[in-house]
2 protein chains.
Amino acid sequence: MPVKTLFYRNHTLYVLDQLQLPQRKKYIACRDWQQVAQVIKKMNIRGAPAIGLAAAFGIALAAETQEARDKRRFLDQIRKAAGELKATRPTATNLIWALRQMLDHLAKIKDQDINSIKVLLEKKAQQIWHEDVLINKKLAVHGEKLIHRKDRILTHCNTGALATAGYGTALGVVREAHKRGKQVSVLVDETRPYLQGARLTAWELKEENIPFHLISDNMAGHFISRGEVDCIITGADCVTANGDTANKIGTYILAVLAKENKIPFYIAAPLSTIDTHIKTGSDITIEERPADEITMIAGIRIAPEGIKVKNPAFDITPHKYITAIITEKGIVKKPYLKNLKKLK
Amino acid sequence: MPVKTLFYRNHTLYVLDQLQLPQRKKYIACRDWQQVAQVIKKMNIRGAPAIGLAAAFGIALAAETQEARDKRRFLDQIRKAAGELKATRPTATNLIWALRQMLDHLAKIKDQDINSIKVLLEKKAQQIWHEDVLINKKLAVHGEKLIHRKDRILTHCNTGALATAGYGTALGVVREAHKRGKQVSVLVDETRPYLQGARLTAWELKEENIPFHLISDNMAGHFISRGEVDCIITGADCVTANGDTANKIGTYILAVLAKENKIPFYIAAPLSTIDTHIKTGSDITIEERPADEITMIAGIRIAPEGIKVKNPAFDITPHKYITAIITEKGIVKKPYLKNLKKLK
């Protein structure tokens, strides 16, 4: 049974603190939308689908915690919360998607009384949460068909239960192949600077007894060039109309290595990550994160003080490098511009 | 004035403890060859030329510390020390080269009395040390010609004063270009797992006011693909007859990225790093280092306990990716098999 990344109970959103994994398994209780914005911003919770879900519950809390009796003010405050939640992580498409779902729903129910709106917004967030698990499972079942017996799969970042409501995207595909007895093994990129691979993916794979080795990101090329990797699967933070994909920094390198060494490179992404209104990768805003994610690890300084750092959280993989995009509605191949449009 | 990585005084080899940089600048005093073997093995000192120099002084100490009066036993003990020093880092060509220099010299002077041999071996090690600085400077002067005004140079690992007797190979080229007013700037790969870039290269560049940004290794592709890198220069741990090059893990990825994005990829290596007796990269032994270099940083666990890890210290960059090899005798271009042979 995969871990619960977040759940909502008694008007409180409980978020598993991923900054403390794998050492401690502790939940943070968010009782208002501002706390939800904080845990997203600080990356206590991360992973494109998971932060979308957290934001959806953030909207439920923005309604729930208000004492306003004036409907107009009540609705304005919810919309204001949505704007601030959206700004927490500028590259994440699911975040925008989930907030859009909530606001569209709000538009439909806005004529009801305040208490009903509170109840219905919570219900909507719970529904998005439940659907996320189902979508992940469907995606995994499609993606699993691309995996051969004994495949050695390289993955980057964390795209498992911890990044979603409970099954995973790229790691969901691996889970499904393992469950079906395909004897897969995984090479896990540690994924600097935040170490999602070392801390989170390694932890999930260990919990489920899926064979893996942890490596530092710069080792991927070594193993790929020696023929020790059969395919690469990663998740996505944003897929554009032409298939260009923003994902965790380092993904582009893997795609280039796959091309150079003639192995397939797959993206696993639910439709909520695909935004066909964005034309190409160059239209995506890349989030720049704080310098101390590079110069400090676990509170310890690893670089001289007062130096300049660059810390983009994502990079863009042009569509030409992507062998296929795995979605809950099936596997999409080139030309993406045409084939992605068909799905939406 | 670059930092002194190692120096020999009063029958003691002082080695700057690079595991403590950039926090503390402390020297370890090695009074016998076994201590020298330890500091090489534990990577208190690292960098292909620097460990060759340390090993040369190790041989001087293997002679100096002996109380044997029997010449044959005396010589045997020195040769035994050479064998054990050689085994400390299996991929480093300079280590083998420096030990060969010392043993060849020993063969020449072996008929002299024990005390004279002690003096002459120390003198030989000092000579190799002095020559290393001169060789680095010559190499830098040649390499500097490849650098254009305002070039943004990406480098990996540490190839500066800390990796050599005092000027550097790849970083020596950068130093020379800076000294000549070319207004270069550097992107420094942090270089997991040992963080030579974050801890050592950043420290050297900061000390000398050469502009740079520190990045994690997986960010290199992002900046290269955006046209923000003009060339890549790295050092080498072993260059074979056909130009295939073993260097710090992650180098191969940079070479592939350079090819894909059409920027030059240079190797800076003194002749002592080039071994034309080794035919190709597939004949090089790749050192596998301890798992806790991946799972721990500065004594803090960053991955779950009891997991499997791979930790190759080097990778092989096939010669086809290398635009030029910069040596103290000039810049070598393809075909390397022919052109490297001419130099030796």
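Excluded from the calculations below are hydrogen atoms, water molecules and symmetry mates; all remaining heavy atoms, backbone and side chain alike, are included. So that the names make sense, note that chain A is the first sequence line, chain B the second, and so on, each numbered from 1.
When side chains are defined from C-beta on, V186(A) does not count as touching L154(A), because their heavy atoms never get closer than 4.5 Å. Side-chain contact between K41(A) and M43(A) is absent, with no heavy atoms from C-beta onward closer than 4.5 Å. Looking at heavy atoms from C-beta onward, S185(A) lies out of side-chain contact with F212(A) at the 4.5 angstrom threshold. In this structure the side chain of T234(A) reaches within 4.5 angstrom of the side chain of F265(A), judged on heavy atoms. Side-chain contact check for Y336(B) versus I322(B): some heavy-atom pair is nearer than 4.5 Å.
Within residues 242-253 of chain B, the residues that have a heavy atom under 4.5 Å from a heavy atom of chain A are I249(B), G250(B), Y252(B), I253(B), listed by number. By a heavy-atom distance cut of under 4.5 Å, I286(B), I294(B) are the residues of residues 279-294 of chain B near chain A, going up by number.
Closest approach of R46(A) and L200(A) over heavy atoms only: NH1-CD1, 3.7 Å.
The greatest number of non-hydrogen atom pairs below 4.5 Å with chain A, out of R199(B), E260(B), R226(B), is found for E260(B). Top candidate by heavy-atom pairs under 4.5 Å with chain A, chosen from N261(B), I307(B), I224(B), is I307(B). In terms of heavy-atom pairs under 4.5 Å with chain B, the best-connected choice from G197(A), P193(A), P312(A) is P312(A). Between chain A and the residues T317(B), L195(B), L257(B), L21(B), the largest count of heavy-atom pairs under 4.5 Å involves L257(B). Comparing I297(B), L205(B), D315(B) by how many heavy-atom pairs each has under 4.5 Å with chain A, the most go to I297(B). Counting heavy-atom pairs closer than 4.5 Å to chain A, the top residue among G306(B), S225(B), G299(B) is S225(B).
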Next item on the list: Show the numbers, then the answer: is there a side chain to side chain contact (heavy atoms under 4.5 Å, CB included) between T191(B) and D217(B)?
Entry: CA-CA 6 Å; T191(B) 319; D217(B) 303 322; 4.2 Å; yes

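Contact of E207(B) with chain A is not made at all, since no heavy-atom distance falls under 4.5 Å. Proximity to chain A is limited to the side chain of P22(B), based on heavy atoms less than 4.5 angstrom apart. Heavy atoms of K206(B) lying under 4.5 Å from chain A belong exclusively to its side chain. When heavy atoms are compared at a cutoff of 4.5 Å, I300(A) approaches chain B solely by way of its side chain, counted from C-beta outward. Heavy-atom distances place the side chain of F223(B), and not its backbone, under 4.5 Å from chain A. In this structure, no portion of D189(B) lies under 4.5 Å from any heavy atom of chain A.
Using a cut-off of 4.0 Å between Lys/Arg side-chain N and Asp/Glu carboxylate O, R152(B) and E228(B) are scored as not salt-bridged. Salt-bridge check for K26(A) with D17(A): failed, with every basic side-chain N at 4.0 Å or more from each acidic carboxylate O.
The main-chain N or O of A313(A) is never found under 3.5 Å from a side-chain atom of Y194(A) such that the two would form a donor-acceptor pair. R192(B) contributes no side-chain N or O that, together with a main-chain N or O of S216(B), makes up a donor-acceptor pair within less than 3.5 Å. With hydrogens and angles ignored, the 3.5 Å screen pairs a side-chain donor or acceptor of Q18(B) with a backbone N or O of L162(B). With hydrogens and angles ignored, the 3.5 Å screen pairs no side-chain donor or acceptor of T273(B) with any backbone N or O of A269(B). Under the 3.5 Å distance criterion, the side-chain polar atoms of R301(A) are matched with a main-chain donor or acceptor of P304(A).
In this structure, R89(A) CZ and D237(A) CG are separated by 7.0 Å, a value rounded to the nearest 0.5 Å.
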